[in-house]
Amino acid sequence: MDQAIYYDEVINERFSSEPFYLAATDQGVCRITWPGESADALERWSSAALPGSSLVYSPEKTMLYIRQLKEYLNGERRCFQLPLDLYGTPFQISVWRALQLVPYGTLTSYRQLAMAAGNEKAVRAAGTANGKNPVPIIVPCHRVIGSDGSLTGFRGGLQMKERLLNLEGISDFSSKGHKRFQF
């Protein structure tokens, strides 16, 4: 079944001069890339997550989603009101649903995230699922920090994580993190 995945891009100079790509199906937002990830990364993701799908540039189909993402990046929105179309394992989706319950301006730990996803012993698995979140920002993976208060790893880069947390008024964390995640 050939399914269209509509996409557009957002550039917000506060975060990067490179675009975020936002993609959506007819059911809702399914993917947001980080600045520095190319349109090719979006194409690879869509081929893996939805084999047989085709990417279609469509500002019209993504307009509502793009507007809300821009409002958040400009500090004008605290809560997203849009449908999601998430693709992952049942555990990953449970972690992503738990992330959506972490309020704007607050933090959670990987242990708390695992507990909220229904498996308190799956701390590492929750961290891995957090890192594979296909819809960052809307599904706020940036609000998860280590139990020692450190930023830890982040697929979008620790500087991006720090900027997003600062946007939400959060500054009570340690920015040391893992060197390999400092871009």
Side-chain angles (χ1 to χ4, degrees), residues 1 3 5 20-34 37 41-42 44-51 53 64-65 68-69 71-73 77-158 160-178 180-181:
M1 180 168 117
Q3 180 176 0
I5 300 175
F20 292 87
Y21 290 99
L22 181 144
T25 64
D26 288 325
Q27 288 70 47
V29 177
C30 59
R31 181 77 168 100
I32 296 175
T33 65
W34 292 110
E37 290 184 280
L42 180 59
R44 286 190 301 276
W45 176 87
S46 66
S47 295
L50 291 152
S53 63
L64 168 70
Y65 311 135
Q68 288 192 30
L69 181 58
E71 289 169 355
Y72 172 85
L73 294 172
R77 174 173 289 278
R78 294 175 153 234
C79 178
F80 291 95
Q81 298 172 325
L82 44 82
L84 297 176
D85 190 13
L86 299 174
Y87 295 89
T89 67
F91 182 73
Q92 287 172 330
I93 291 173
S94 71
V95 168
W96 302 335
R97 295 286 182 214
L99 282 169
Q100 292 174 68
L101 301 176
V102 179
Y104 181 96
T106 64
L107 298 172
T108 193
S109 71
Y110 291 98
R111 179 167 309 287
Q112 292 167 321
L113 181 61
M115 289 171 53
N119 189 344
E120 66 184 81
K121 294 181 181 182
V123 176
R124 284 183 179 257
T128 300
N130 190 54
K132 292 183 183 250
N133 172 14
V135 189
I137 300 174
I138 294 173
V139 174
C141 51
H142 61 279
R143 296 180 189 151
V144 183
I145 63 171
S147 56
D148 65 353
S150 66
L151 290 186
T152 69
F154 191 63
R155 193 178 82 220
L158 290 181
M160 178 65 72
K161 186 171 190 168
E162 190 168 345
R163 285 185 193 133
L164 291 169
L165 293 176
N166 287 333
L167 173 70
E168 295 186 18
I170 302 170
S171 59
D172 56 338
F173 53 82
S174 166
S175 61
K176 56 185 176 189
H178 297 293
R180 68 184 182 151
F181 294 109

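- Rounded to the nearest 0.5 angstrom, Ile93 CD1 and Leu99 CG are separated by 12.5 Å.
- For Glu120, the CD atom counts as loosely surrounded, since its 6.0 Å shell holds 12 or fewer non-hydrogen atoms of other residues, nucleotides or ligands.
- In this structure, CG on Leu50 lies 5.0 Å from CD on Gln3, to the nearest 0.5 angstrom.
- Between Phe154 and Cys141, some side-chain heavy-atom pair lies under the 4.5 Å cut-off.
- Side-chain contact check for Phe173 versus Thr152: every heavy-atom pair is 4.5 Å or farther apart.
- Between Gly153 and Tyr110, the shortest heavy-atom distance links the atoms O-OH, 3.7 Å.
- Shortest non-hydrogen contact noted between Cys30 and Asp85 is CB-O, 3.2 Å.
- Here the shortest heavy-atom pairing between Ala98 and Ala117 reads CB-N, 4.1 Å.
- Contact record, Trp96 with Lys132: CZ2-O, 3.5 Å, taken as the closest heavy-atom pair.
- The structure places CG of Leu69 at 6.0 Å from CG of Leu22, a figure rounded to the nearest 0.5 Å.
- Not one N or O on the side chain of Asn130 forms a donor-acceptor pair closer than 3.5 Å with the backbone of Ala126.
- Listed for the Lys161 side chain is a donor-acceptor partner under 3.5 Å among the backbone atoms of Leu151.
- In this structure, the side chain of Thr33 engages the main chain of Tyr21 through a donor-acceptor pair within 3.5 Å.
- Of the candidates Arg78, Arg163, His142, Glu168 forms a side chain to side chain donor-acceptor pair (under 3.5 Å) with just one, namely His142.
- Shown here for Asn133 and Arg155, the closest heavy-atom pair between the two residues is O-NH1, 3.2 Å.
- You'll find the side chain of Phe80 stays beyond 4.5 Å of the side chain of Glu71, heavy atoms only.
- One finds the OG1 atom of Thr108 at 9.0 Å from the CE atom of Met115 (value rounded to the nearest 0.5 Å).
- Leu101 places none of its side-chain heavy atoms less than 4.5 Å from the side chain of Arg97.
- Between the side chain of Arg143 and the backbone N or O of Val102, at least one donor-acceptor pair lies under 3.5 Å.
- The local environment of CZ in Arg77 is crowded, with over 12 non-hydrogen atoms from other residues, nucleotides or ligands closer than 6.0 Å.
- Within the model, atoms CG of Leu73 and CG of Leu167 stand 7.5 Å from one another, a figure rounded to the nearest 0.5 Å.
- The shortest distance between side-chain heavy atoms of Ile137 and Trp34 falls below 4.5 Å.
- Panel note: side chain Trp45, backbone Ile32; no donor-acceptor pair is recorded below 3.5 Å.
- Side-chain atoms of Glu37 do not come within 3.5 Å of backbone N or O of Leu42 as any donor-acceptor pair.
- If you take OG on Ser171 and CG on Leu165, they are separated by 9.5 Å, rounding to the nearest 0.5 Å.
- For the pair Ile5 and Arg31, the minimum side-chain heavy-atom distance is 4.5 Å or more.
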